[in-house]
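Working notes, beginning with the structure itself.
The figures here come from the full heavy-atom set of this structure, side chains too, leaving out hydrogens, waters and symmetry mates. Not measured: the values here are computed from a predicted model.
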Amino acid sequence: MASPTSDDDSLWLRRFHPQPEATVRLICFPHAGGSASFFFPMSEEMSPGIEVMAVQYPGRQDRRTEPAVESVQELAREIHTVLTRWTDLPVALFGHSMGASVAFEVARLLERESGIVPAALFASGRNAPSQHRSNEIHLLDDNGIVAELQRLSGTDSRVLGDLELLRFALPAIRSDYKAAETYRYVPGPPLRCPVVGLGGDSDIRVDVEEVAAWGDHTSGTFDLQVFPGGHFYLSDQKAAVVNTVSDFLIARNPITLLPSPGTAAG
């Protein structure tokens, strides 16, 4: 089943592998400096019962002429407006690093303003909203930001080695870091949806205890999944992450198998 689309939808949401028999949609939110294409491998390997859609933030790739958004809450509100047109199926949210904060704020808007409880929130590689960290990477010069990207290995090495590509990418990366680092959690009712915290056991940015604190932000169930690796553990642990997400969602949104053409209904 497909939702009605608009020009805004195609700008914000990328559907790499449509799944007409899906029973749930997984909306993926990239990290600072990331793009929707980061989630193409996850979409490619996900169970056919789950349709993956990835958010494309402004200021990069085909949206590079648009100003980047420098506020997590503002970004969340823009995405929430678009996402409400895609709730003909249950929606789950998966955010990595900065994307986890954006996904959390989208989940709050869905529950508070649209009366929609997400099927799940997967918060990856990010400290819980109440666990604020003071970082000022967005205030560094260009060389300082590049050094941070190299340390985290989160941006395609081809971009880091290509000065021309980097020149185009750095403004959006800086804006994303500003959004992530100036984000402040405003206390409110906990989410009602289940939350799954995911992290790498050697992440230099976020420790396991900070990921575990996501459990404080839901009245639903909370699970913690720790994988081998650093901040971008999910690139190396793709199959394990896909299995974790798909097993969790399919258990709660079972696939209805349609009869084959020509098969009489019993």
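One N or O on the side chain of D201 and one on the backbone of G229 form a donor-acceptor pair closer than 3.5 Å. Between the side chain of E70 and the backbone N or O of T182 there is no donor-acceptor pair closer than 3.5 Å. Between the Q19 side chain and the I50 main chain, no donor and acceptor come within less than 3.5 Å of each other. Of the possible donor and acceptor atoms, none in the side chain of E105 sits under 3.5 Å from a partner among the backbone N and O of Q73. Looking only at distances, no side-chain donor or acceptor of T218 sits under 3.5 Å from a matching main-chain atom of G215. A donor-acceptor pair is defined here as one N or O able to donate and one able to accept, closer than 3.5 Å; such a pair exists between the side chain of Y57 and the backbone of P30. Checked by atom type and distance alone, the side chain of D223 never pairs as donor or acceptor with a backbone atom of V196 at under 3.5 Å. R252 places a side-chain N or O within 3.5 Å of a backbone atom of F248 that can act as its donor or acceptor partner. Here the side chain of E111 pairs a donor or acceptor atom with the backbone of R192 at under 3.5 angstrom. Side-chain atoms of R60 come within 3.5 Å of backbone atoms of P58 as a donor-acceptor pair (strictly under, hydrogens ignored).
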Distance-only donor-acceptor hits, side chain of residues 119-126, under 3.5 Å, sequence neighbours excluded:
{"unit_1": "S124", "atom_1": "OG", "unit_2": "H96", "atom_2": "ND1", "d": "2.7"}
{"unit_1": "S124", "atom_1": "OG", "unit_2": "Y233", "atom_2": "OH", "d": "2.6"}
{"unit_1": "R126", "atom_1": "NE", "unit_2": "S101", "atom_2": "OG", "d": "2.8"}
{"unit_1": "R126", "atom_1": "NH2", "unit_2": "S101", "atom_2": "OG", "d": "3.3"}
{"unit_1": "R126", "atom_1": "NH2", "unit_2": "A180", "atom_2": "O", "d": "3.1"}

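V206 and N127 get closest at one heavy-atom pair: CG1-N, 3.5 Å. Of all the heavy atoms in S219 and P190, the pair that sits closest is N-CB, 3.9 Å. What you find for P187 and R108 is that their closest heavy atoms are C-NH2, 3.8 Å. Contact record, Y183 with P129: OH-CB, 4.0 Å, taken as the closest heavy-atom pair. Between N243 and S246, the shortest heavy-atom distance links the atoms O-OG, 3.3 Å. Closest approach of P18 to P20, counting heavy atoms only: O-CD, 3.6 Å.
Put simply, the side chain of F104 reaches to within 4.5 Å of the side chain of L191, judged on heavy atoms. A heavy-atom distance below 4.5 Å is not found between the side chains of L75 and F29. With contacts defined as side-chain heavy-atom distances shorter than 4.5 Å, the pair L249/F94 does not qualify. For the pair D62 and R14, the minimum side-chain heavy-atom distance is below 4.5 Å.
Counting Ile, Leu, Val, Met, Phe, Trp and Tyr side chains that sit under 4.5 Å apart, directly or through other members, F40 shares a hydrophobic cluster with F16.
Neither V117 nor V245 shares a network with the other; the hydrophobic side chains, linked directly or stepwise wherever heavy atoms of I, L, V, M, F, W or Y lie under 4.5 Å apart, form separate groups for each. Clustering ILVMFWY residues whenever any of their side-chain heavy atoms sit less than 4.5 angstrom apart, transitively, puts W86 in a cluster other than the one holding L109.
Within the structure, side-chain hydrogen bond (donor to acceptor under 3.5 Å, both in side chains) pairs that include any residue of residues 113-122 comprise R77-E113, H80-S114 (at least two apart or interchain). Identified under the salt bridge (Lys or Arg N to Asp or Glu O under 4.0 Å) test for residues 38-50, with sequence neighbours left out: E45-K238.
Here the CE-CG distance, from M53 to D9, works out to 7.5 Å after rounding to the nearest 0.5 Å. Rounded to the nearest 0.5 Å, atoms OG (S71) and CD (E78) are 10.5 Å apart.
With sequence neighbours excluded, the residues forming a salt bridge (charged side-chain N to carboxylate O under 4.0 Å, His left out) with E66 are R63, listed by chain and number. Taking the salt bridge (charged side-chain N to carboxylate O under 4.0 Å, His left out) definition, one finds that D236 meets it with nothing, sequence neighbours left out.
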